[in-house]
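Just follow the structure's listing: the first ligand is 1, and inside any ligand the first atom is 1. Side chains are part of it too, since the values below use all heavy atoms of this structure and drop only hydrogens, waters and symmetry mates. Quick caveat: nothing in here was measured; it's all calculated off a predicted structure. Sequential numbering from 1 along the given sequence is applied to the chain's residues.
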Amino acid sequence: MRLLVTGFEPFDNESINPSKEVLNLLVPEEGIEIVTAVLPVVRFESLKRMEEKINEVKPDLILSIGQAGGRNCLSVERIGINCDDYRIPDAAGNQPCDEKIAEDGPDAYFATLPIRKMTEAASAAGIPAVISDTAGTYVCNHVLYGTLHMCHEKYPHIRCGFIHVPYLPAQCAGKNAPSMSLNDIAAGIQCAIRVLREESV
Ligand code: PCA
């Protein structure tokens, strides 16, 4: 089993993104090989990079990770919607309003990873985690929806999902915002990966 785990570059005037930092802390589980990649926070480029990695890595599973500043726990996303409506411009200056991600795509796709088991595994290990019913309408939702659409059309054997993670404490200096330590974020993601391994043997 090969698992592609993706994070994102820093964005929104931040110099770090926990979803990128956490990639270095993940460890392979027996029977599951982990390959990591960092995606640009750019509308179509993010999916282009994703497809390049799919062709290079040939994963069985894809777990994407993104920062959700303001959330207070790991959010295992249930659904990606066919909508790009960006609160702020992406890193290339794109700011679509109410646009579709795939003209010919359905309104939404459910994540195809075992989201409840992943959430429960992190919670049981003492890492706050919930199922989230919206990944927003920015680049993270673009990647979740777009990857599910791409896999539905071209790589139907690949299962995909997305976890949003809170800010790191270092990003919250002077802000009244919730955060989670990198070690806790990594522990929670590792629990989710362990579920994927158990599911796939
Ligand atoms: N979070 C953004 C995009 C990149 C990231 O880490 C989002 O939630 O859409």
Whether Y86 and Y138 hold their rings parallel, tilted or perpendicular, with breakpoints at 30° and 60°: perpendicular
Passing candidate, salt bridge (charged side-chain N to carboxylate O under 4.0 Å, His left out) with R194, options E199, E120, E29: E29
Close N or O approach (N141, ligand 1; < 3.5 Å): no
For ligand 1, the portion of H164 having any non-hydrogen atom under 4.0 Å away: side chain
Identity and distance of the protein heavy atom lying nearest atom 1 (N) of ligand 1: Q67 O, 2.8 Å
Nearest protein heavy atom with distance in Å, relative to atom 7 (C) of ligand 1: C140 SG, 2.8 Å
Enclosure of K175 NZ (heavy-atom neighbours >12, cutoff 6.0 Å): yes
Parallel, tilted or perpendicular: rings of Y109 and H152 (30°, 60°): tilted
Close N or O approach (Y138, ligand 1; < 3.5 Å): no
Non-hydrogen atom of E9 closer than 4.0 Å to ligand 1: no
A121 to V195 - nearest heavy-atom pair and separation: CB-CG2, 3.4 Å
Residue G66 vicinity, atoms of ligand 1 by number, heavy atom under 4.0 Å: 6 (O)
Side-chain H-bond candidate by donor/acceptor type, Q67 with H164, under 3.5 Å: no
Atoms of ligand 1, numbered as shown, that sit under 4.0 Å from any heavy atom of N17: 5 (C), 6 (O)
